[in-house]
Amino acid sequence: MQPLLSPSPIVKTAVKSGLAITFAASLFMLNGCATTPKITAQQCQQGNWQDIGERDGMVGRSGAYFGQYIAACPTVTASSPARTAWEAGRQQGLKSYCTELTAYKLGREGYAWQPVCPLEGIQKLEEAYSQGQYYYLRQRDMSMLSSPYPWGYGRYGYAPFSPWGPRW
């Protein structure tokens, strides 16, 4: 037996889009949690701050990132991280981050390049990054143009892009 009031297709679509918006919002909020350093009490007390700094340097974190460790460690224990050891490790890690190959790879994959490298040789790094970014943008544009609907979805299904807004 069919129910007396079945939801219309518009209501079903609204419910689905509401679930999609809720899912996207929860992913966005979880993404914010992923940027804070996950550090345990043992790492705060006995952590090898030079190794932690080296890992941070390899991914291009700036010296200001150490403030997040200072904020995280007092909540865990009463110890404080060693800034000098962390900075020495970060400088070692930056040697592998500040290469033309890394700059090119970041640009080619569409990631941002962090301005943490020493000023000598910075022009070569910026050039390598811009070449990688050019390749990334060209590939993105080619895939968009090869799509059957390059400008996305219209208000009521697939519709061509209109610079004057939606059609009623």
Side-chain angles (χ1 to χ4, degrees), residues 16-17 19-40 42-44 47-73 76 81-155 157-166:
K16 286 181 184 177
S17 66
L19 290 174
I21 291 171
T22 305
F23 180 72
S26 64
L27 282 179
F28 179 72
M29 294 177 85
L30 286 175
N31 189 21
C33 296
T35 59
T36 58
K38 292 176 179 48
I39 193 160
T40 64
Q42 184 179 8
Q43 286 175 329
C44 278
N48 187 347
W49 287 102
Q50 189 162 356
D51 287 345
I52 294 171
E54 188 171 357
R55 283 190 304 248
D56 288 344
M58 290 172 126
V59 295
R61 291 197 174 130
S62 70
Y65 191 80
F66 187 77
Q68 293 188 7
Y69 291 122
I70 292 174
C73 279
V76 175
R83 171 73 189 219
T84 55
W86 180 82
E87 185 61 36
R90 188 180 79 88
Q91 291 300 323
Q92 287 294 329
L94 284 177
K95 289 179 183 176
S96 67
Y97 179 78
C98 297
T99 63
E100 292 178 43
L101 180 62
T102 303
Y104 177 78
K105 283 181 180 180
L106 288 172
R108 184 175 171 148
E109 294 171 7
Y111 293 114
W113 182 60
Q114 302 301 323
V116 293
C117 298
L119 291 178
E120 60 269 355
I122 196 82
Q123 188 171 359
K124 288 183 179 181
L125 295 175
E126 288 175 345
E127 185 177 321
Y129 177 74
S130 65
Q131 286 176 358
Q133 193 175 34
Y134 173 76
Y135 179 83
Y136 169 76
L137 293 173
R138 189 179 61 173
Q139 291 298 110
R140 185 195 65 187
D141 291 346
M142 290 299 291
S143 67
M144 185 180 80
L145 290 174
S146 65
S147 170
Y149 305 102
W151 296 286
Y153 304 104
R155 185 174 183 114
Y158 294 111
F161 172 75
S162 172
W164 298 281

Atom pairs and distances, side-chain donor-acceptor, residues 124-133, under 3.5 Å, sequence neighbours left out:
from	atom 1	to	atom 2	distance (Å)
Tyr129	OH	Tyr111	O	2.8
Ser130	OG	Glu126	O	3.3
Ser130	OG	Glu127	O	2.9

Pair up each side-chain donor or acceptor in residues 85-96 with any protein partner under 3.5 Å, not counting sequence neighbours, and list the distances.
from	atom 1	to	atom 2	distance (Å)
Trp86	NE1	Asp56	OD2	2.9
Glu87	OE1	Arg90	NE	3.3
Glu87	OE2	Arg90	NE	3.4
Glu87	OE2	Arg90	NH2	3.0
Glu87	OE2	Gln91	NE2	2.7
Arg90	NH1	Arg61	O	2.9
Ser96	OG	Gly93	O	2.9

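Residues Lys105 and Thr102 form no side-chain contact, since every pair of their non-hydrogen atoms from C-beta on lies 4.5 Å or further apart.
Rounding to the nearest 0.5 Å gives a distance of 10.5 Å between OH of Tyr134 and CD of Gln139. One distance of note links CG of Leu106 with CD of Gln114; it measures 8.5 Å at 0.5 Å rounding.
Closest approach of Val116 and Tyr97 over heavy atoms only: CG2-CE2, 3.8 Å.
In this structure, the side chain to side chain donor-acceptor pair (under 3.5 Å) partners of Tyr135, at least two apart in sequence or on a different chain, are Arg108.
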